[in-house]
Amino acid sequence: MRKLKKYKPTSFMADDSVYNKAAADYAVAFIESLSHTKGSWAGKPFDLIDWQEQIVRDVFGILKPDGYRQFNTAYIEIPKKQGKSELAAAIALLLTCGDGEERAEVYGCAADRQQASIVFEVAADMVKMCPALNRRVKLLASTKRLVYLPTNSFYQVLSAEAYSKHGFNIHGVVFDELHTQPNRKLFDVMTKGSGDARMQPLYFLITTAGTDTQSICYETHQKALDLLEGRKHDSTFYPVIYGAGDDEDWTDPKVWKKANPSLGITVGMDKVRAACESAKQNPGEENSFRQLRLNQWVKQAVRWMPMAKWDACTFTADPDSLSGRECYGGLDLSSTTDITAFVLVFPPFDEKDKYIVLPYFWIPEDNIPLRVRRDHVPYDLWEKQGHLLTTDGNVVHYGFIEKFIEELGMKYHIREIAFDRWGAVQMSQNLEGLGFTVVPFGQGYKDMSPPTKELMKLTLEQRIAHGGHPVLRWMMDNIYIKTDPAGNIKPDKEKSTEKIDGAVALIMALDRAIRNEGVPAGSVYDNRGLVII
């Protein structure tokens, strides 16, 4: 296996810190006395790969003037199959058995106990295969606990369910797959002050990129990125991110090599090539390939809307210039405590013109502070910017919205308003009483598939003008699409990671605009057939 030819300390080494070669050599030697535990590597010495040795030497060899480690947090973000679990297990054993800390408390954390046990089982097997450790370590398999008898130190598995257990005196924490944490509670308990009684606690965070941009992992990812790109400075934080850039070609083998430092060692090029070819044939696999193989943050496992294409449609139109112009509305009421969306779509005058989109959103005013804290979504900022409207109280005031739509009807020629037949019966009757033509709109494949596919087609052709509305953009980025055996599609509210009410309202309004476009009786679909994407 390759060895690190020449070590150069990280650029994040503080001015008053020093690289202690003896300390780094000791950490490397400890890990390389262990053995691999799985597959064709099982039983072979754990010879560190270049990128692994760089991390070990940086984290354990760079010391402050007082002789203790400079870094107390290491964030390692890397694609799958690069040797994450083996490295994490070795680090856990080093902190427990080889760091010279009396009664060290080292914890292995993950989203659930089963995930946390993966690294523990690797560490346990490493102990069994190392005679020196096997004589000195007591394994308690039932409780997922490993005790190093000479110092009475232990390595213990914890899961996200254990966040309420305070009183830790932590020397080390190994967080495996941080992106799977359901919230930040366990992370905060294990990293905020829990190691204050120790001289050099280490929080070792190792993960693949995730999908939730509101998560603690993404927050940490952003901090690491800011440090790597020089926007922030934190001498205690060690950032490592291996991955492809958003603008790089995900099908290019050169990009694969850049993102996968263990390519050709722990994972073969043929495996990555086969996964790429499969993703090319099945667009639903593209995001999974990019997330797991190239370590790119994607909104969700199967994201529907390519946001770069959506952002390319940030054409603006002056709402006042549309006065008197024909348009169609889509109304998604959601629940009384949630976001209500009303979207107007103005059909183009000709083939070169665009479909102009004017979205409106409402939320109960009293719920904004709670939702900002709970959802980590900037509702308060959107409200200040005028992109999100509020109604008094802690529930959406439908009468206020009806009045608002009535006023829009005086400004624009709203020919039809489509609504979810299961959620807006009373309001639809009220709007009908105000003189609007309301059309019930089913949420199944039959009604939703044609306009959903059409929205994608128009976006790719840059024939949508949405003005870059931030709330609508957020919702478009949240869409998870469900597909039936016949290839019909529809937005899936249950599986979409966040709110998509505005996207659904847009799809309904677009359907009515297309069906009435230049065809007094009938549908544009009747003339040209469905668009298959």
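Below, all heavy atoms of this structure are taken into account, side chains as well, without hydrogens, waters or symmetry copies.
Here the two rings, on Tyr155 and Phe120, have centers that are under 6.0 Å apart. Close placement of the Trp382 and Trp474 rings is indicated, their centers lying within 6.0 Å of each other.
Interatomic distance, CG of Leu202 versus OG1 of Thr73, reported as 7.5 Å (0.5 Å rounding). Annotation: the span from Thr207 atom OG1 to Ile241 atom CD1 amounts to 10.5 Å, rounded to 0.5 Å. With values rounded to the nearest 0.5 angstrom, Ile78 atom CD1 is found 6.5 Å from Ile55 atom CD1. Taken from OG1 in Thr452 to CE in Met508, the straight-line distance is 10.5 Å, to the nearest 0.5 Å. To the nearest 0.5 Å, atom CG of residue Leu510 and atom CG of residue Leu455 are 6.0 Å apart. Distance OG1/Thr10 to OH/Tyr19: 12.5 Å, rounded to 0.5 Å.
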Legend entry - Trace of the ring-ring contact (aromatic ring centres under 6.0 Å, His included) decision for Phe175 with Tyr203: CA-CA 8 Å; Phe175 257 98; Tyr203 309 109; 8.9 Å; no

Inset, instruction - Apply salt bridge (Lys or Arg N to Asp or Glu O under 4.0 Å) to the pair Asp125 and Lys38, showing each step before the final yes or no. - result: CA-CA 9 Å; Asp125 287 342; Lys38 294 181 179 179; over 6 Å; no

Legend entry - Stepwise salt bridge (Lys or Arg N to Asp or Glu O under 4.0 Å) check, Glu286 with Arg290: CA-CA 6 Å; Glu286 177 184 335; Arg290 292 170 56 192; 3.3 Å; yes

Inset, instruction - Could you please spell out the steps behind the side chain to side chain contact (heavy atoms under 4.5 Å, CB included) verdict for Asp176 and Ile206? - result: CA-CA 5 Å; Asp176 184 33; Ile206 192 160; 4.2 Å; yes

Legend entry - Working for salt bridge (Lys or Arg N to Asp or Glu O under 4.0 Å), residues Lys84 and Glu177: CA-CA 9 Å; Lys84 288 198 307 295; Glu177 298 296 9; 3.6 Å; yes

Inset, instruction - Start with the C-alpha distance between Val240 and Glu77, add both sets of side-chain angles, then the distance that settles side chain to side chain contact (heavy atoms under 4.5 Å, CB included), and finish with yes or no. - result: CA-CA 6 Å; Val240 175; Glu77 188 181 291; over 6 Å; no

Inset, instruction - Would you sort out whether Val173 and Val106 count as a side chain to side chain contact (heavy atoms under 4.5 Å, CB included), showing the intermediate values? - result: CA-CA 6 Å; Val173 176; Val106 179; over 6 Å; no

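Counting heavy atoms from C-beta outward, Cys109 and Met190 have side chains that approach closer than 4.5 Å. Counting only heavy atoms from C-beta outward, the side chains of Ile507 and Pro491 approach each other to under 4.5 Å. Under the 4.5 Å side-chain criterion, counting only non-hydrogen atoms from C-beta, Leu133 is in contact with Cys97. Side-chain contact between Tyr148 and Leu95 is absent, with no heavy-atom pair separated by less than 4.5 Å. Within the 4.5 Å cutoff, no side-chain heavy atoms of Val372 are placed close to those of Val377. In this structure, the side chains of Lys232 and Leu227 come closer than 4.5 Å at one or more pairs of heavy atoms. A heavy-atom distance below 4.5 Å is not found between the side chains of Arg293 and Pro79. When side chains are defined from C-beta on, Phe71 does not count as touching Ser235, because their heavy atoms never get closer than 4.5 Å.
In this view, Arg184 and Asp188, Glu219 satisfy the salt bridge (Lys or Arg N to Asp or Glu O under 4.0 Å) rule, not counting sequence neighbours. In this structure, Tyr75 has no ring-ring contact (aromatic ring centres under 6.0 Å, His included) partners at least two apart in sequence or on a different chain.
Between Phe154 and Tyr107, the ring-plane angle classifies as perpendicular under the 30° and 60° cut-offs. Under the 30°/60° scheme for interplanar angles, the aromatic rings of His469 and Phe361 are found to be tilted. Taking the six-membered ring for Trp and thresholds of 30 and 60 degrees, Tyr26 and Phe30 have ring planes inclined between 30 and 60 degrees apart.
For the 3.5 Å distance criterion, the side chains of Asp50 and Gln54 fail to qualify, holding no donor opposite an acceptor. In summary, the side chains of Gln222 and Trp297 do not present any donor paired with an acceptor at a separation below 3.5 Å, with no hydrogens or angles considered. Side-chain contact check for Gln200 and Asn72: no donor-acceptor pair (N or O, by modelled atom type) lies under 3.5 Å. Inspection of the Glu86 and Thr37 side chains reveals an N or O donor paired with an N or O acceptor under 3.5 Å. Under 3.5 Å, the side chains of Arg57 and Tyr7 contain no donor-acceptor pair of N or O atoms. Using modelled atom types, one finds no donor on one side chain facing an acceptor on the other under 3.5 Å when comparing Thr266 with Gln82.
Trp51 contributes no side-chain N or O that, together with a main-chain N or O of Asn260, makes up a donor-acceptor pair within less than 3.5 Å. Remark: the backbone N or O of Lys499 is paired with a side-chain donor or acceptor of Asn478 at under 3.5 angstrom. Judged by distance alone, the side chain of His466 and the main-chain N or O of Trp310 form a donor-acceptor pair under 3.5 Å. A donor-acceptor distance shorter than 3.5 angstrom exists from the side chain of Gln181 to the backbone of Ala110, with no hydrogens or angles considered. Between the Glu101 side chain and the Thr96 main chain, no donor and acceptor come within less than 3.5 Å of each other. Here the side chain of Gln291 pairs a donor or acceptor atom with the backbone of Ala209 at under 3.5 angstrom. Side-chain atoms of Gln115 never come within 3.5 Å of backbone atoms of Asp112 as a donor-acceptor pair (strictly under, hydrogens ignored). For the pair Glu105 (side chain) and Gln156 (backbone), a donor-acceptor distance under 3.5 Å is absent.
No more than 12 heavy-atom neighbours from other residues, nucleotides or ligands sit within 6.0 angstrom of NZ on Lys309. Counting heavy atoms of neighbouring residues, nucleotides and ligands inside a 6.0 Å radius, atom NZ of Lys64 exceeds 12 of them. Crowding of Glu229 atom CD: a count of heavy atoms from other residues, nucleotides or ligands under 6.0 Å exceeding 12.
Residues Ala92 and Val174 approach most closely at CB-CG2, 4.0 Å, considering heavy atoms. The minimum heavy-atom distance between Gln52 and Gly83, with the atom names listed, is NE2-O, 3.6 Å. Taking both residues in full, the closest heavy atoms of Ser85 and Val119 are given as O-CG1, 4.2 Å, listed atom of the first, atom of the second, then distance. Lys453 approaches Ile489 most closely through the heavy-atom pair CG-CD1, 3.6 Å. Across every non-hydrogen atom of Ala14 and Gln70, the tightest pair is N-OE1, 2.9 Å. Contact detail for Ala259 and Tyr242: the closest heavy-atom pair is O-CB, 3.6 Å.
Sequence neighbours left out, not one pair with a member in residues 78-100 passes ring pair (Phe, Tyr, Trp, His ring centres under 6.0 Å).
Under a 4.0 Å N-O distance rule, the pair Asp249/Lys254 does not qualify as a salt bridge. We find that Arg198 and Asp99 are not joined by a salt bridge, their nearest charged nitrogen and carboxylate oxygen being 4.0 Å or further apart.
The cationic group of Lys354 lies under 6.0 Å from the six-membered ring centre of Phe315 and within 45° of the ring axis, placing it in a cation-pi geometry.
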